[in-house]
There are 2 protein chains.
Amino acid sequence: MATIRDVAKKAGVSVTTVSRALNGYSDVNEKTREKIKVIAQELNYSPSLLARSLVMKKTKTIGLLVSGLRIEGSKDNFTFEVLCGVNDCAGELGYELVLISTDSKKQQEKTYNQLCNERKVEGVILQGIKTDDPYLDEVLKSDIPCILIDIPIESDSVGYVTTDNKGGAQTAVEHLVDLGHKNIAMINGHSQAFVSRERLAGYQGGLKKKGISYNENYVVNGAFLEESAELETTKLLRKHPEITALFCASDLMAMGAMRAAKKLGKKLPEDLSVVGYDNIILSSYSSPSLSTIAQDRYRLGFEATTLLTKLLEGKEVEKNKVLQTAFIKRESTTENHR
Amino acid sequence: MATIRDVAKKAGVSVTTVSRALNGYSDVNEKTREKIKVIAQELNYSPSLLARSLVMKKTKTIGLLVSGLRIEGSKDNFTFEVLCGVNDCAGELGYELVLISTDSKKQQEKTYNQLCNERKVEGVILQGIKTDDPYLDEVLKSDIPCILIDIPIESDSVGYVTTDNKGGAQTAVEHLVDLGHKNIAMINGHSQAFVSRERLAGYQGGLKKKGISYNENYVVNGAFLEESAELETTKLLRKHPEITALFCASDLMAMGAMRAAKKLGKKLPEDLSVVGYDNIILSSYSSPSLSTIAQDRYRLGFEATTLLTKLLEGKEVEKNKVLQTAFIKRESTTENHR
DNA sequence: CTGAAAGCGCTAACAA
DNA sequence: TTGTTAGCGCTTTCAG
């Protein structure tokens with residue numbers, strides 16, 4: 001491909017002039033600039049970002065580091081929608097986006113810093129990492145600006161974006177109580193997720209506010225998996241047939257829970273009301289359709305990118321953003337019939 | 001961050017030696033190599049891919065160029081699953097992956113070649129482009145190796161990966177005929193998609209094979225959109241109440257079609273059998289669950305990457321790959337009751 | 001307004 | 001086995 005020298009040669013000027021002309025500097029004759037522009041076009045020239053980055057020591061690139069980019073993610077689309085948000089925002093602001101995916105195997109080979117340094121990303125958005133992941137420590141020690149998604153930790157160079165998990169969960173539980181339910185169980189994710197802790201707190205808060213005492217036997221973990229949730233729900237409902245409502249920490253687990261209830265011969269929603277969390281596509285297509293707490297994953301990605309770029313550009317900002325959730329009433333919740 | 005010179009200085013050798021030591025060349029004393037390795041580790045050094053790429057004139061990077069990376073893609077997950085396949089394969093083979101997303105606005109600003117040259121991708125996988133997109137011409141003229149997804153065009157540097165659309169469609173139609181249906185309509189996508197043409201051909205082929213004559217009034221376009229499909233299906237079923245079965249060129253359109261039928265007071269599947277195409281997640285959760293032609297989008301991405309890298313490495317290969325589809329019987333199809 | 005020269009971090013002949 | 005030199009394509013002083 002054509003390089004800046006090819007353009008310079010053909011235009012009969014120096015590379016310096018070409019560089020300045022094309023980059024919009026004012027100290028270049030408009031005639032010369034036009035001539036250079038025309039020739040650049042003719043030669044189908046476009047500057048090598050590689051070379052430019054090398055000399056400018058700036059890549060204008062952010063990395064979306066995803067731990068566990070797997071096809072299973074299709075079911076909740078979390079990663080994809082975050083990606084869309086990041087991509088759109090980065091595009092608007094003129095940042096390049098590189099997708100870096102890791103898994104425990106890859107992490108053995110390369111440290112977080114290596115990954116970032118190699119590709120010279122200026123900042124990182126981190127998604128899908130568990131709180132006990134060794135990368136998390138590295139992120140906090142590293143001075144590469146980073147925005148965590150759904151992990152509320154801050155430092156000089158690290159911020160986060162999340163949704164109001166506690167509030168969302170509380171809303172869900174209050175909704176169930178308002179429908180007359182007293183024995184409300186929770187299918188949570190796992191203890192390595194901040195969102196699980198928050199949602200549990202919200203569950204407890206909702207019960208307390210409504211004057212219902214918390215029963216720890218009513219809380220089980222479904223690991224955010226549909227199958228595990230199905231299994232755990234089956235056990236739970238067998239052991240505690242008095243339960244009339246379920247709050248699930250994810251829609252996907254709610255799907256599993258509903259299947260479990262059906263298999264146990266329960267009618268939904270008459271025998272069991274279920275609220276999910278996420279508002280994934282499936283939730284409006286299942287039968288019964290699922291009442292849920294909606295969180296805007298696209299905006300999560302978009303806001304993360306906004307925050308990160310502000311950080312990169314040295315703007316003084318709040319290093320975190322908490323998005324609101326919204327309760328969506330569908331068919332899976334109804335009045336307590338017992 | 002530490003550069004190769006920092007390592008060289010600290011190790012008391014030249015940068016050349018460091019380079020050779022770290023890159024596993026044999027002509028370096030093992031003792032020196034060890035020493036250098038230790039120091040590199042201490043300094044947390046990792047080579048700049050930028051600088052390396054610049055001098056080697058090789059980036060080992062492939063681009064996944066997606067036209068229309070939008071949140072709506074969540075519904076069928078096509079892009080996401082292709083991305084997973086590409087990512088996994090690229091990872092295995094040691095290629096970096098950059099995600100390049102365009103839309104008609106961006107395409108005004110930058111040509112395909114510019115996009116590729118700037119980022120110095122060695123090859124491209126192209127997804128989501130319509131057959132009348134101006135980029136397609138550029139791709140064919142460009143000498144950057146490229147694999148098209150679902151567009152069966154070949155040239156010296158261009159190949160493609162697709163599924164057996166015609167065969168899949170034919171299977172779907174034959175299934176319906178075998179259930180006793182005679183008046184089988186088709187909700188197709190749009191004429192700018194190769195897959196639509198192929199699936200139409202398969203639909204026609206299926207009918208012909210079973211001795212049923214083709215009626216062009218039975219074919220409408222739903223633009224691959226749920227809403228359009230719903231609208232078109234409503235019109236179609238009103239006009240032709242004799243229709244008892246529908247073949248839809250995508251599951252998403254099948255969802256729209258089923259909704260239309262329900263709103264018209266039809267019982268599914270008794271009054272109308274529906275077959276979709278894709279096997280998206282939704283298809284197994286809807287009610288009735290959707291009989292469909294499954295295509296493996298992950299493998300589409302994986303195979304595209306395999307093909308591309310072979311092309312890049314100058315291996316003599318078939319420049320196309322057609323994946324088989326599979327028919328999946330669910331609840332939405334049943335015997336003709338008329 | 002324009003050009004010469006230096007250098008970003010790295011690899012690759014070519015010498016030693 | 002190691003070092004010297006050149007150069008990838010670009011931007012940026014600093015002179016003119």
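Below, read A as the first sequence line, B as the second, and so on, with proteins coming before strands; counting in each chain starts at 1.
- Rounded to whole Å, the distance from CE on B:Met56 to C1' on D:dC8 is 12 Å.
- Between A:Leu22 atom CG and D:dT12 atom P there is a gap of 14 Å when expressed in whole angstrom units.
- Under the 3.5 Å distance criterion, with hydrogens and angles disregarded, no donor-acceptor pair is assigned to the side chains of A:Asn44 and B:Gln114.
- Between the CG atom of B:Leu54 and the P atom of D:dG7 there is a distance of 14 Å, rounded to whole Å.
- Side-chain polar atoms of A:Thr16 and A:Ser19 form no donor-acceptor pair below 3.5 angstrom.
- Counting only N and O atoms by type, the side chains of B:Thr79 and B:Gln127 include a donor and acceptor under 3.5 Å apart.
- Between A:Tyr25 and D:dT12, a side-chain N or O to OP1/OP2 separation shorter than 4.0 Å is present.
- Of the candidates D:dT1, C:dT2, D:dG7, the closest approach to any side-chain atom of A:Thr17 belongs to C:dT2.
- Contact annotation: B:Lys58 does not reach the phosphate of D:dC8 (side-chain N/O to OP1 or OP2, under 4.0 Å).
- Taking atom CD of residue A:Glu30 and atom P of nucleotide C:dT2, one finds them 10 Å apart after rounding to whole Å.
- Looking only at atom types and distance, the side chain of A:Asn165 has a donor-acceptor partner in the side chain of A:Thr162 under 3.5 Å away.
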- request: Test side-chain contact (heavy atoms from CB on, under 4.5 Å) on B:Arg20 and B:Ser26 and set out the steps.
  value: CA-CA 8 Å; B:Arg20 281 189 293 228; B:Ser26 58; over 6 Å; no
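- One side chain, B:Gln295 or B:Thr163, offers a donor N or O that lies under 3.5 Å from an acceptor on the other.
- Contacts between residues 32-52 of chain A and DNA chain C, defined by a heavy-atom separation below 4.0 Å, involve A:Thr32, listed by number.
- With rounding to whole Å, A:Ile4 atom CD1 is found 12 Å from C:dG3 atom P.
- Between the CZ atom of A:Arg20 and the C1' atom of C:dA4 there is a distance of 11 Å, given to the nearest Å.
- One can place CD of B:Glu118 at 14 Å from C1' of D:dG9, the figure rounded to the nearest angstrom.
- Note on A:Lys57: every side-chain N or O is 4.0 Å or more away from OP1 and OP2 of C:dG7.
- The residue B:Thr3 sits close only to the backbone: its heavy atoms come under 4.0 Å of sugar-phosphate atoms, none of a base.
- The base of C:dA4 sits with one of its N or O atoms less than 3.5 Å from a complementary donor or acceptor on the side chain of A:Thr16.
- Base engagement by B:Asp27 is indicated by at least one non-hydrogen atom pair under 4.0 Å involving a base atom.
- Comparing B:Ser26 and A:Val18 against DNA chain D, the residue whose closest nucleotide sits nearer the 5' end is B:Ser26.
- Between A:Lys60 and A:Glu122 there is no salt bridge, since none of the side-chain N atoms of the basic residue sits less than 4.0 Å from a carboxylate O of the acidic one.
- Between A:Ser19 and the phosphate of D:dC10, there is no side-chain N or O to OP1/OP2 separation shorter than 4.0 Å.
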